[in-house]
Amino acid sequence: MAEHPARPCCLGWDFSTQQVKVVAVDAELNVFYEDSVNFDRDLLEYGTQGGVHVHEDGLTVTSPVLMWVQALDIILERMKASGFDFSQVLALSGAGQQHGSVYWKTGASGVLTSLSPDLLLHKQLQACFSIRDSPVWMDSSTTAQCRQLEAAVGGAQALSGLTGSRAYERFTGNQIAKIYQQNPEAYSHTERISLVSSFAASLFLGSYSPIDYSDGSGMNLLQIQDKVWSQVCLGACAPHLEEKLGSPVPSCSVVGAISSYYVQRYGFSPGCKVVAFTGDNPASLAGMRLEEGDIAVSLGTSDTLFLWLREPMPALEGHIFCNPVDARHYMALLCFKNGSLMREKIRDESASCSWSDFSEALQSTEMGNGGNLGFYFDVMEITPEIIGRHRFSAENQVSAFPRAVEIRALIEGQFMAKRIHAEALGYRVMPKTKILATGGASHNRDILQVLADVFGAPVYVTDTANSACVGSAYRAFQGLAAGTDVPFSEVVKLAPNPRLAATPTAGASQVYEALLPRYAKLEQRILSQIRGFRSEFLRPRHPC
Ligand SMILES: Nc1ncnc2c1ncn2[C@@H]1O[C@H](COP(=O)(O)OP(=O)(O)O)[C@@H](O)[C@H]1O
Ligand SMILES: O=C(CO)[C@@H](O)[C@H](O)COP(=O)(O)O
């Protein structure tokens, strides 16, 4: 067993779509331990693809809740086997994929508070969930519930003004409403509903952790200005919901001390603090030390783009969340569902399953792709609501591209969409704009080059692409400093600065200034075709 010197630290966890990850960060903010468990590869028995099960209707998407628990067992056992000194952990915090929900069965809190240190968690929590397959952010089966919620509050804009977003299928309130409507018995046997983030925090606390304001903003239930549950939204979703959710708390709250289970089984100090867990995007904002004016682009399972905001400006597109590190401020977020899994599909089809062949294709093609543009949405996209693959040469619509052109069309299209939708929210790229990239695909320099070219701004990365994990560890340090009025920027002042990864190629701005309006126009054209098709298809048929 390797010996590790004593090193006081904080742990940062991330329960994301495809894996559970952890980092240990010392008092000088150096990351000295990293590990992850991948659901598809390391937990074959659950049979997930990309960490999820897509149901037969093509809309319902869930993950087995016990798989998440077992992944935590595996990582903790590995850390123990490697000689990790848990007694040095001062505090921990974490992140979860946003919007997903966990349904604790009546009586589960009793099991949580009396965990036996002799058994793994997943063995003890088997019977603790009234719904064993948790709906996750990729689910888009709740359109009816979304319309009901918007109608209850006076429309989409009214809901957005109140909760930061119009009704979105993946948002937790609509997911809860569907469960209540379709499975009222399971709902009535549920004593607590957690987000993935507060569920993970509960595992460490040995009792139910509250939901934090920032991840709570992704539910269509929280009034983002007053930071209380909206009674009208709760009432429109399901009965007795407030008591099942518990009261939300500021994101930097210490929610308690670690459960004695971890003290006895792994040697944590009983004084180790648990700081409220939050969503993976808010945690990334902390991990990247995002500043006002910067743009963060996360290239994980989903692609997201987010910004620091002083004033909320809720709109019909995009989301406003409470800021995870400064309770007075907000963050804006755009989410794109066809992110890494779409890139992997095109890699497998057009680059022999190899990222290096994929990169070569990007290197061998020109900026602007000779006027060839593509839209690649194998699953119904969130921003904008388009499905299918749509390719356009400089002249007209085409059904296929040569392999290398296909790859550049995918990546340029993904980044043009991000720029267009960010600008629709009022964001402008300025001469001093920095793009901070994170997530699995930020390892790929050629992808980052296209990002720099399309935005006409330099792209920076941090040493670890796990910004949600690192941000969680930083937030744990922030929790330790709570009550001392030390701002987050002060807590993370020793953290390494992001490194420059790509600068715009000469001539890029001319190429993309011309292409962006064309891409936006084609997007509108596809959207209106899809809307036309939908209304034709859904029009009530009168028997003649
Ligand atoms: N070299 C690479 N080029 C492009 N994409 C990559 C590369 N390495 C990993 N990825 C992508 O990173 C994704 C995982 O990203 P990650 O941020 O860890 O996801 P999540 O946090 O959502 O589980 C994988 O699905 C894979 O497609
Ligand atoms: O739905 C959203 C944000 O609104 C997603 O970004 C999820 O939070 C999943 O995150 P990753 O696992 O892709 O990081």
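Just so you know, ligand 1 is whichever comes first in the structure, and atom 1 is the first atom listed for that ligand.
The shortest contact between atom 17 (O) of ligand 1 and any protein heavy atom is with G440 N, 2.9 Å. Counting protein heavy atoms only, atom 27 (O) of ligand 1 is closest to E344 OE2, 2.5 Å. Annotation: atom 14 (O) of ligand 2 to nearest protein heavy atom, D280 OD2, 2.7 Å. Protein heavy atom in closest approach to atom 22 (O) of ligand 1: T301 OG1, 2.5 Å. Protein heavy atom in closest approach to atom 3 (N) of ligand 1: N444 ND2, 3.2 Å. The closest protein non-hydrogen atom to atom 2 (C) of ligand 2 is C335 SG, 3.5 Å. Protein heavy atom in closest approach to atom 9 (C) of ligand 2: W137 NE1, 3.2 Å. When only non-hydrogen protein atoms are considered, atom 7 (C) of ligand 1 lies nearest to W355 NE1, 3.5 Å.
No hydrogens or angles considered: nothing links the side chains of S214 and D212 as a donor-acceptor pair under 3.5 Å. One side chain, Q449 or T505, offers a donor N or O that lies under 3.5 Å from an acceptor on the other. A donor-acceptor contact closer than 3.5 angstrom links the side chains of N497 and R289.
The SG atom of C322 lies 11.0 Å from the CD atom of Q223; values are rounded to the nearest 0.5 Å.
Considering only non-hydrogen atoms, atom 1 (O) of ligand 2 lies nearest to R170 out of H319, K337, R170. Residue nearest to atom 6 (O) of ligand 2, selected from G318, S302, S217: S302 (by heavy-atom distance).
Counting the atoms of ligand 1 from 1 in the order shown, those under 4.0 Å from a heavy atom of G439 are 17 (O). Here is the list of ligand 1 atoms found below 4.0 Å of a heavy atom in S340: 11 (C), 12 (O), 13 (C), 25 (O), 27 (O). Atom numbering of ligand 2 starts at 1 in the shown order; those under 4.0 Å from a heavy atom of Q98 are 3 (C), 7 (C), 8 (O). For ligand 1, the atoms closer than 4.0 angstrom to any heavy atom of I447 are 4 (C). Of all the atoms in ligand 1, the ones that sit under 4.0 Å from a non-hydrogen atom of K21 are 16 (P), 17 (O), 18 (O), 20 (P), 21 (O). Close contacts between ligand 1 and S16 involve ligand atoms 20 (P), 21 (O), 23 (O) [criterion: under 4.0 Å to a heavy atom]. Near S16, meaning under 4.0 Å from any of its heavy atoms, are these atoms of ligand 2: 12 (O).
By the 3.5 Å distance cut-off applied to N or O atoms, H443 is not counted among the residues near ligand 1. By the 3.5 Å distance cut-off applied to N or O atoms, Q18 is counted among the residues near ligand 1. Residue T17 has at least one nitrogen or oxygen atom sitting less than 3.5 Å from a nitrogen or oxygen atom of ligand 2, judged on distance alone. The shortest N or O to N or O distance between Q19 and ligand 1 is below 3.5 Å. Between H99 and ligand 2, at least one pair of N/O atoms sits closer than 3.5 Å.
With a 4.0 Å heavy-atom cut-off, ligand 2 is reached by the side chain of T304 but not by its N, CA, C or O.
Heavy-atom minimum distance, Q175 versus P135: OE1-CB, 3.3 Å. Across all non-hydrogen atoms, the minimal contact from V405 to F401 is CG1-CG, 3.7 Å.
Aromatic pair Y512/F455: centroids not less than 6.0 angstrom apart. Taking the six-membered ring for Trp and the full ring otherwise, the centers of Y168 and H99 sit at least 6.0 Å from each other.
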Return all side-chain donor-acceptor pairs below 3.5 angstrom for residues 305-314, not counting sequence neighbours, or 'none' if the list is empty.
from, atom 1, to, atom 2, distance (Å)
W308, NE1, H329, ND1, 3.2
R310, NE, E292, OE1, 3.1
R310, NE, E292, OE2, 3.0
R310, NH2, E292, OE1, 3.2

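Taking the six-membered ring where the residue is Trp, F32 and F84 present parallel rings, their angle staying beneath 30° rather than reaching 60°.
Residues L72 and F15 meet the side-chain proximity criterion, which asks for heavy atoms closer than 4.5 Å. Using a 4.5 Å heavy-atom threshold, the side chains of S217 and Y330 count as separate.
Both the sub-6.0 Å distance and the 45° axial angle are not jointly satisfied by R132 relative to the ring of F129.
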Audit row: E523, H421, side-chain hydrogen bond (donor to acceptor under 3.5 Å, both in side chains) steps and yes/no: CA-CA 11 Å; E523 187 187 277; H421 289 277; 2.9 Å; yes

